[in-house]
Amino acid sequence: MRAALLYSAAGSLLLSALTAAPDTDGTRAAAELRGTAVAAARAKAAGIDFGPCPDAQDLPGTMQCGTVTVPLDYTQPDGRQIELAVGRARATHKDPHNSKREFPRQGALVYNPGGPGASGLYFPLVGLLPEWKRIAAAYDLVGYAPRGVGRSAPLSCKDAKQFFKGPTQAPTHPSESYKKERIAQAKAYARGCAERAGGALRHYHSLNNARDLDVLRAALGEERLTFMGSSYGTYFGALYATLFPAHVRRMVLDSAVDPDPEQIWYRNKLDQSAAFEGRWRDFQRWIARHDEVYGLGRTVREVRRSYERASARLAVEPAGGKVGPGQLRGAFLQAAYYDDQWPHRAHALSAYLKGDPGPLVEQAEQHPEAAAEAENSRAVYLAVECNDAPWPTDWEVWDRDNTRLARVAPFETWDNVWTNLPCAYWEGPRQRPLDVGTGPGELPPSLILAAERDAATPYDGALELHRRLTGSVLVTERDAGAHGLAGGPNACVNGHVEAYLLEGRLPGRRTTDCAARPEPKPQSRSVGPGPARGRPTAPLIRPGPRPAPRCPCGGP
């Protein structure tokens with residue numbers, strides 16, 4: 001047994017114990033490496049037959065779709081095969097600032113938005129946005145749905161019709177009876193995953209996602225990969241860099257997961273819950289500064305009381321019969337990821353407390369038509385993270401660690417527990433996390449992006465990844481906390497991304513700062529709120545590829 005040390009946002013020391021994972025089977029690892037080489041060679045020979053997308057009526061003509069075939073089990077490259085859905089928009093060669101200048105094509109830029117459980121299939125559409133036109137001129141923009149997601153051998157653990165169970169409660173300090181109820185739900189969901197997926201379930205994990213990425217590289221005809229990963233995409237991007245450093249051309253790792261094997265994944269979740277408390281406090285300060293617009297309080301304490309008053313009222317009478325405390329918490333968790341949602345969420349809370357529930361219902365309700373997509377995302381999220389590493393199997397460990405943490409970080413702690421608790425009861429073998437890292441000269445210089453106050457992927461993770469990838473450069477957006485920086489509103493960050501991808505040029509120092517983006521401006525009414533959990537998004541285009549939130553969390 002090994003004790004894990006973790007400090008919460010308030011500096012409280014948490015102790016938990018995890019059983020060490022068994023040593024990796026070297027024979028199996030060698031077989032997986034050979035299987036990846038076989039699959040990549042086949043993919044290179046076959047290529048990808050790109051053509052119209054299945055939903056072409058909703059997409060610009062520049063978008064094409066195809067599939068790439070990968071083994072379910074890389075130790076058996078001649079065994080069961082699965083297909084991954086791939087989207088592409090060819091390089092335009094057009095300089096948006098000079099119509100007489102053409103950009104030479106530099107190959108394909110492959111993107112993953114994170115999750116796990118999110119699809120990057122529609123990423124190529126960002127080439128239509130001003131922030132991406134220069135990169136789209138030089139690169140074929142390529143996105144795909146990882147294994148298990150969408151049309152890529154989709155996973156499901158529960159009937160989607162039963163997935164959304166709104167309105168729901170969200171107790172900050174749950175009772176013993178509530179905990180027992182959530183434990184039963186977690187066990188049922190884990191059991192459903194095992195029953196529905198069978199023996200295939202064990203093959204959905206981050207190491208196989210990295211191997212799939214190498215097969216996709218070969219299918220695209222690329223000798224070396226240019227990759228951008230956001231959030232969870234930084235983790236299996238780092239795995240890829242460790243497994244296949246000679247296959248890397250350039251890498252942008254945006255909003256980095258802490259890749260330390262001791263952090264994957266249980267301890268990362270504790271860190272995340274602590275960080276969300278700080279980001280929730282940032283949001284409350286912003287609301288308090290704009291009390292003349294929202295009337296929710298002039299101090300953090302007053303704003304928090306307004307939120308708690310709304311939550312208590314929703315517990316008794318859900319808004320529109322659909323939005324309870326759980327849906328309220330979900331909508332405000334989204335705002336902790338993306339500060340461009342602050343004006344819309346603040347307006348919705350203000351309007352609700354003044355007697356108009358409409359904006360809150362619009363922003364926080366769960367949409368039945370999105371249930372299948374949300375359940376699929378949650379199934380993949382859990383399959384990948386539960387398979388990736390050992391988790392505590394004793395409820396007392398979870399209860400002790402999170403009860404302590406909730407005393408100083410109550411906003412997201414218990415919701416994070418309920419999201420991940422099926423991993424305590426997961427059936428099947430676990431991977432041993434790979435010790436991410438590269439030595440001098442093994443990997444081309446990579447670019448890591450991080451916001452100093454990001455809660456979904458706390459900043460310490462970026463520092464750890466930077467330490468492990470020799471030659472990497474870390475660009476930090478100081479005093480900011482939005483999750484996902486590339487293609488966003490920070491011109492300094494975007495300048496570094498363009499210089500790197502277009503010219504191979506990195507800042508001269510190993511660590512470089514960018515000033516924070518401007519804070520969002522308050523609005524007295526809701527205009528175009530971002531989608532809450534459970535609202536369909538594809539093929540929505542945002543100002544830059546936004547990493548997926550931790551999970552849809554739509555139901556147990």
Side-chain angles (χ1 to χ4, degrees), residues 7 9 111-115 118 131 227-241 250-260 263-265 267-279 282 336-340 436-438 443 445-501 506-519 543-550:
Y7 288 90
Y111 174 74
N112 178 271
E131 296 88 348
F227 176 74
M228 178 181 290
S230 293
S231 194
Y232 165 72
T234 68
Y235 178 58
F236 81 81
L239 294 179
Y240 184 90
R250 291 173 190 162
M251 269 195 170
V252 179
L253 302 175
D254 184 359
S255 303
V257 168
D258 189 333
D260 185 338
Q263 290 288 116
I264 304 296
W265 284 102
R267 295 178 183 116
N268 267 336
K269 304 307 175 184
L270 293 170
D271 282 347
Q272 187 183 65
S273 293
F276 269 121
E277 193 67 27
R279 194 62 181 148
D282 290 346
Y337 278 84
Y338 310 122
D339 55 17
D340 62 358
V436 166
T438 58
L443 182 73
S446 54
L447 177 63
I448 301 172
L449 310 177
E452 189 176 22
R453 296 185 61 75
D454 183 3
T457 51
Y459 186 64
D460 282 350
L463 296 175
E464 181 68 14
L465 182 60
H466 176 49
R467 184 184 69 79
R468 287 170 172 266
L469 296 185
T470 302
S472 63
V473 170
L474 172 61
V475 172
T476 301
E477 186 180 23
R478 290 295 177 188
D479 197 29
H483 187 56
L485 305 184
N490 194 312
C492 172
V493 172
N494 291 339
H496 288 303
V497 172
E498 282 195 1
Y500 176 61
L501 289 177
L506 286 166
R509 294 179 298 172
R510 294 192 66 231
T511 58
T512 298
D513 292 348
C514 286
R517 67 190 70 190
E519 281 193 339
R546 180 170 293 198
R550 183 191 68 243

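Sequence positions, counted from 1, serve as the residue numbers for this chain.
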Sequence neighbours left out, what pairs pass disulfide bond (SG atoms under 2.5 Å apart) with at least one residue falling in residues 450-483?
->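 Found none.
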So which pairs with a foot in residues 463-495 pass disulfide bond (SG atoms under 2.5 Å apart), sequence neighbours left out?
->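 Those involving residues 463-495 are C492-C514.
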Compute the ring centroids of Y235 and Y240, then answer whether they are less than 6.0 Å apart.
->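 No, they do not, as the ring centres are separated by 6.0 Å or more.
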So, do [X] and [Y] sit near enough that their side-chain heavy atoms are less than 4.5 Å apart?
X    : Y    : answer
L506 : L447 : yes
E452 : D513 : no
V436 : L239 : yes

[X] and [Y]: which non-hydrogen atoms are nearest, and at how many Å?
X    : Y    : answer
F227 : G233 : CE2-O, 3.6 Å
G237 : M251 : O-CE, 3.2 Å
S231 : G114 : CB-CA, 4.5 Å
L474 : A450 : CD1-CB, 4.2 Å
T234 : V257 : OG1-N, 3.0 Å
A256 : L465 : CB-CD2, 3.7 Å

Side chain to side chain contact (heavy atoms under 4.5 Å, CB included) between V493 and L449, worked out | CA-CA 8 Å; V493 172; L449 310 177; 4.1 Å; yes
Considering residues at least two apart in sequence or located in another chain, which fulfil the side chain to side chain contact (heavy atoms under 4.5 Å, CB included) criterion with P507?
->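 Listed in chain order: V473, V475, H496, T512.
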Would a distance-only check, ignoring hydrogens and angles, find a side-chain to backbone donor-acceptor pair under 3.5 Å from [X] to [Y]?
X    : Y    : result
R250 : L501 : yes
T438 : L469 : no
N494 : G487 : yes
N268 : D258 : yes

When rounded to the nearest 0.5 angstrom, what distance separates [atom1] in [X] from [atom2] in [Y]?
X    : Y    : atom1 : atom2 : value
E498 : E131 : CD    : CD    : 10.0 Å
E477 : L485 : CD    : CG    : 5.0 Å
L270 : W265 : CG    : CH2   : 13.5 Å

Quick one: do R279 and D339 make a salt bridge, cutoff under 4.0 Å?
->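 Between D339 and R279 there is a salt bridge, with a charged N closer than 4.0 Å to a carboxylate O.
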Sequence-distant partners of [X], side-chain hydrogen bond (donor to acceptor under 3.5 Å, both in side chains), two or more places apart:
X    : value
R467 : E464
Y232 : S206, N209
S446 : none
R453 : D282

Side-chain donor/acceptor pairs under 3.5 Å, residues 455-463, sequence neighbours excluded:
residue	atom	partner	partner atom	Å
T457	OG1	S255	O	3.4
T457	OG1	D454	OD2	2.5
Y459	OH	T476	OG1	2.6

Would you call the rings of H483 and Y338 parallel, tilted or perpendicular if under 30° counts as parallel and over 60° as perpendicular?
->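 Rings of H483 and Y338: tilted, 30 to 60°.
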Looking at residues at least two apart in the chain, or sitting in another chain, which of them share a salt bridge (Lys or Arg N to Asp or Glu O under 4.0 Å) with D479?
->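 Salt bridge (Lys or Arg N to Asp or Glu O under 4.0 Å) list for D479, sorted by chain: empty.
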